[in-house]
Amino acid sequence: MTTPLRRYGFGARWYDVLSGERWVYRAGREAGIRLLDPRPGDTVVDLGCGTGLNFAGLVAAVGPTGRVIGVDRSPDMLAVARRRIAASGWSETVTLVSADAGTLDPSVLLDANGGRGVDAVFSTYALSVIPARDEAWRRVCAAVRPGGRAGIVDMQRPRGRWRVLEPLALLACATGGADIDAHPWRLLERDAADPRRIARAERKGGHLVAVAAELSPAVTR
Ligand SMILES: C[S@@+](CC[C@H](N)C(=O)[O-])C[C@H]1O[C@@H](n2cnc3c(N)ncnc32)[C@H](O)[C@@H]1O
């Protein structure tokens, strides 16, 4: 059996081309960033950042005075992310943290943000891969300032006429080690400050779900 670390180890250099980014998954991350709506000067944690495919959108949103902190446990995915940061000139804005989200110490994120709580957490196609997703979520939310926001983008089985693509979606999830039935955006629906103000979008026949909301003070720092 391929362990998650091996899956995102050897495969890291091929991830951007083989993950279906262009035709499928980019649409979800773009919708998610739009719903999260980070502001200039914000600090956003990208949980399970992988090779950094969210960085362009997040850096554009937070601007030169903001910060993006990418967290991932795969050294190979982080190596690709590091190259992306260098090639794009984002080294002043993007910091990488090598950590297992399931045991992440929230103070590491606070330290990376000058001791302050971060403004938002964003996670795309990662929580469905992390078996200890509840624990990972609890830990990252503990680094968010009161009134901060969160966004989750992940996968479910396609619906309607798109159901014909379900075998392909299942194959993509199996290849990436994702649980297509995990529906991790439910963590955010549970922990939103106001259930009436949860923003949601679906893309690609419902296969991609993006949810964003302000977090409840019960889960922030
Ligand atoms: C499908 S990739 C998604 C990467 C990126 N967020 C994206 O949208 O392209 C899942 C990522 O989660 C990371 N990951 C898996 N388990 C993890 C854990 N326990 N802690 C931190 N990262 C983890 C993997 O290393 C991988 O980079």
Side-chain angles (χ1 to χ4, degrees), residues 1-36 44-59 68-85 94-106 108-109 112 120-141 143 150-156 169-180 182 184-185 187 203-204 207-212:
M1 197 179 113
T2 312
T3 65
L5 253 190
R6 288 191 60 190
R7 178 176 283 118
Y8 292 107
F10 179 72
R13 74 180 69 176
W14 309 110
Y15 178 83
D16 291 1
V17 273
L18 296 182
S19 61
E21 171 67 9
R22 185 165 173 199
W23 306 111
V24 183
Y25 295 102
R26 183 182 296 162
R29 73 180 80 253
E30 288 177 352
I33 292 172
R34 209 168 302 124
L35 295 184
L36 182 67
V44 181
V45 172
D46 185 351
L47 185 70
C49 66
T51 63
L53 288 171
N54 291 325
F55 293 168
L58 293 176
V59 167
V68 176
I69 304 172
V71 179
D72 204 284
R73 77 166 186 176
S74 161
D76 298 279
M77 295 294 267
L78 288 174
V80 178
R82 205 166 286 118
R83 286 200 288 278
R84 185 189 302 281
I85 292 165
V94 186
T95 310
L96 297 178
V97 172
S98 176
D100 184 327
T103 55
L104 176 71
D105 180 350
V108 171
L109 302 177
V121 57
F122 187 53
S123 190
T124 58
Y125 315 120
L127 285 162
S128 58
V129 174
I130 302 175
R133 63 185 68 86
D134 271 85
E135 184 63 15
W137 178 248
R138 189 183 69 73
R139 286 171 177 273
V140 73
C141 288
I152 295 177
V153 179
D154 227 299
M155 299 161 284
Q156 67 179 358
L170 290 172
L171 179 66
C173 288
T175 308
D179 176 358
I180 199 170
W185 52 86
L187 295 166
R203 296 286 184 272
K204 305 293 175 185
H207 176 44
L208 312 181
V209 177
V211 171

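In each ligand, atom 1 is the first atom listed, and ligand 1 is the first ligand listed.
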Self-check item: Main-chain N/O of L47 paired with S123 side-chain donor or acceptor, under 3.5 Å
Solution: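 Present.
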key: D179 side chain to S128 backbone, donor-acceptor under 3.5 Å   =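 Absent.
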Could you work out, with ring-ring contact (aromatic ring centres under 6.0 Å, His included) as the rule, every residue matching W185, not counting sequence neighbours?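 Here the qualifying residues are H183.
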ring-ring contact (aromatic ring centres under 6.0 Å, His included) with F122: which residues, sequence neighbours excluded?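 So F122 forms no ring-ring contact (aromatic ring centres under 6.0 Å, His included) with any residue.
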Distance-only N or O hit between ligand 1 and [X], under 3.5 Å:
X	answer
D46	no
I130	no
L53	no

Practice prompt. Measure the CD1-OG1 distance between I152 and T124 for me, rounded to the nearest 0.5 Å.
Written response: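 It comes to 10.5 Å.
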Counting only heavy atoms closer than 4.0 Å, does ligand 1 sit against the backbone of [X], its side chain, both, or neither?
X	answer
E21	neither
R73	both
A178	neither

Check ligand 1 against [X] and write out every atom of the ligand that is under 4.0 Å from a heavy-atom position of the residue.
X	answer
Y125	1 (C), 2 (S), 3 (C), 8 (O), 10 (C)
A101	18 (C), 19 (N), 20 (N), 21 (C)
C49	5 (C), 6 (N)
A99	20 (N), 21 (C)

Option set D100, D72, L127, criterion heavy-atom distance to atom 14 (N) of ligand 1, minimum |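 Of the listed residues, D72 has the closest heavy atom.
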Margin query: Given Y8, Y25, F55, identify the one with the heavy atom nearest to atom 1 (C) of ligand 1.
Written below: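 Going through Y8, Y25, F55 one by one, Y8 has the nearest heavy atom to atom 1 (C) of ligand 1.
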Does atom CZ of R84 have more than 12 heavy-atom neighbours from other groups under 6.0 Å away?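 Counting neighbours around CZ of R84, more than 12 heavy atoms of other residues, nucleotides or ligands fall under 6.0 Å, so yes.
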> Minimum heavy-atom separation for A101 to R139, with atom names?
Replying inline: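 Smallest interatomic distance, heavy atoms only, reads O-CD, 3.8 Å.
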>> Between E21 and R29 (salt bridge meaning N to carboxylate O under 4.0 Å), is one present in this structure?
In response: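 Yes, this pair counts.
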